[in-house]
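Written out below as C-alpha cells is the structure these notes cover.
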Amino acid sequence: MITTDFVPGSPCWLDLGVPDVRAAAAFYGAVLGWDYESMGEGEDMEGGMFRKDGKVVAGLGKLTEEGARPAWMIYHSVTDADTTTQAVERAGGTVRVAPRDLDEWGRMAQYSDPLGGQFAVWQPGRNKGVELVDAPGSLCWTELYTTDAAAAKEFYGGVFGWRFSDMALPGGGGTYALITPAGLPEERMHGGLMELPVEHLALAHGRPYWHPVFAVADCDAAVAAVTENGGSVQMGPQDAEGVGRLAVCLDPANADFVVLTPVRG
C-alpha cells in the first residue's frame, strides 16, 4: 500500500520520458483519465504534470538522454540525497545524475543499480511528491524485473533499508519478493521484485528495469483503451489471487506499465 506520507525509501514521485510529449499526454488521458498541464510556454509541450481529479499524479517530459529508451522513472523519498548517493556508490551502483536542487521544490538524483536497473530519489523541499496514490488513476505499486533477485535485495536493502518477504507464484511461476519500507509493518508494502532470465528483459536490452502499477476501476476497460489508443498488451488481462485483475501494457512509445483493479478487503 502506497501512501502520501512518504516515509524514507517509499515511492513518492514518478515521471515519464518519451520522444513525443503531446502523444503521451493524449494516450494517458484516454487510458487513465489524466489531465495534462504543460509547464512550458504556449504549445511547446516539452514537459509538465499529469493530474487526476485535480491532484498531481505524475510528471511528463521529452526524452533527451542519448540512447535512452522511453520509460517511467520511479523516485523514492530520502532525507538526504547526498548521503543516499554515497550509499549507492558503496553498494556498487552508478550515479547517472548527481544530486541537484530543483529550486525550492526539492533535491533529486538518479542512479543505476549494479545490474543496470535505473531508479531515482527525491529529497523533499516544498514538494513532497505526488498528491494522489492507491486510487483509480494513480500509482498503487512499483515493480522491479531483475536478472538476480538476491543481488537486488542486497543492494536496495543496503541503500534504503527495505525488508523483503518472498512468496511463491502460482503454477510454478517462480518467487516474488514483496518490499516493505524500513521500520514499517507489512501492510505498508509498496512494491515487489522478480527474477527473470535476460531474454525476458528484451524491452531494456537485457537490463533490469522498474515500472509503475496504476490502479484502475476496470482492468479490461483500461486494456481496451490501451489498444484503442496505440498501445499494446504484453500480458493479461488476468486474475491474480489475492491481488486483483491486471495487465502488463506498453504505451505507443513502448514505455511499460501495469494496470490493476485491486481486490479490496
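The analysis underlying the following values was restricted to heavy atoms, covering all of them including side chains, and did not include hydrogens, waters or symmetry mates. Residues: numbered from 1 along the sequence shown.
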Using side-chain heavy atoms (C-beta onward) and a distance below 4.5 Å, is [X] in contact with [Y]?
X	Y	answer
V258	C249	no
V130	L14	yes
L246	V259	no
Q86	V159	no
T3	R188	yes
L132	R51	no
L139	V57	no
S77	P124	yes

Y176 versus E143, side-chain donor and acceptor atoms under 3.5 Å: yes
Worked check of salt bridge (Lys or Arg N to Asp or Glu O under 4.0 Å) between D148 and K153: CA-CA 9 Å; D148 188 334; K153 290 177 186 177; over 6 Å; no
Same hydrophobic cluster for [X] and [Y], using side-chain heavy-atom links shorter than 4.5 Å among ILVMFWY?
X	Y	value
L115	Y111	no
Y36	W34	yes
L178	F160	no
L250	I74	no
M108	L63	no

What's the shortest heavy-atom distance between [X] and [Y], and which atoms?
X	Y	answer
S112	R96	OG-CD, 2.9 Å
N127	G129	OD1-N, 2.9 Å
A98	A109	C-CB, 4.2 Å
A91	F155	CB-CD1, 3.5 Å
V88	T94	CG1-N, 4.1 Å
A225	A30	CB-O, 4.0 Å

Trace of the salt bridge (Lys or Arg N to Asp or Glu O under 4.0 Å) decision for K52 with D35: CA-CA 6 Å; K52 175 70 173 178; D35 297 313; over 6 Å; no
Residue that, paired with R245, satisfies side chain to side chain donor-acceptor pair (under 3.5 Å) out of D218, D220, T261: D220
For the rings on [X] and [Y], is their centre-to-centre separation under 6.0 Å?
X	Y	value
Y156	F119	yes
H211	Y145	yes
F50	W13	no

With P99, the side chain to side chain contact (heavy atoms under 4.5 Å, CB included) member among T84, D80, T85: T85
Closer than 3.5 angstrom, by distance alone: can the side chain of [X] be matched with the main-chain N or O of [Y] as a donor-acceptor pair?
X	Y	value
Q123	G106	no
Y209	W72	no
E131	V56	yes

Evaluation steps, side chain to side chain contact (heavy atoms under 4.5 Å, CB included), between D15 and L60: CA-CA 5 Å; D15 54 36; L60 173 63; over 6 Å; no
Do the ring planes of [X] and [Y] sit parallel (below 30°), tilted (30 to 60°) or perpendicular (above 60°)?
X	Y	value
H190	W162	perpendicular
F214	F257	tilted
Y75	W122	perpendicular

Atom CD of E154 with >12 non-hydrogen neighbours under 6.0 angstrom: no
Under the salt bridge (charged side-chain N to carboxylate O under 4.0 Å, His left out) test, residues paired with R207 that sit two or more places apart: none
Qualifying residues under salt bridge (charged side-chain N to carboxylate O under 4.0 Å, His left out), relative to D82, sequence neighbours excluded: R107
As an exercise, state the distance from [atom1] of [X] to [atom2] of [Y], rounded to the nearest 0.5 Å.
X	Y	atom1	atom2	result
E66	T64	CD	OG1	10.0 Å
L201	E195	CG	CD	10.0 Å
D5	S10	CG	OG	6.5 Å
E46	M39	CD	CE	13.5 Å
D166	L193	CG	CG	8.0 Å
R126	E104	CZ	CD	5.0 Å

Which residues share a side-chain hydrogen bond (donor to acceptor under 3.5 Å, both in side chains) with T227, sequence neighbours left out: none
Check against side chain to side chain contact (heavy atoms under 4.5 Å, CB included), W141 and D134: CA-CA 8 Å; W141 192 252; D134 201 38; over 6 Å; no
CA sep, side-chain torsions, deciding dist, call: F164, T180, side chain to side chain contact (heavy atoms under 4.5 Å, CB included): CA-CA 6 Å; F164 302 92; T180 304; over 6 Å; no
Stepwise side chain to side chain contact (heavy atoms under 4.5 Å, CB included) test for M189 and S165: CA-CA 10 Å; M189 291 173 181; S165 54; 3.7 Å; yes
Ring-face cation of R22 near F27 (centre distance under 6.0 Å, axis angle within 45°): no
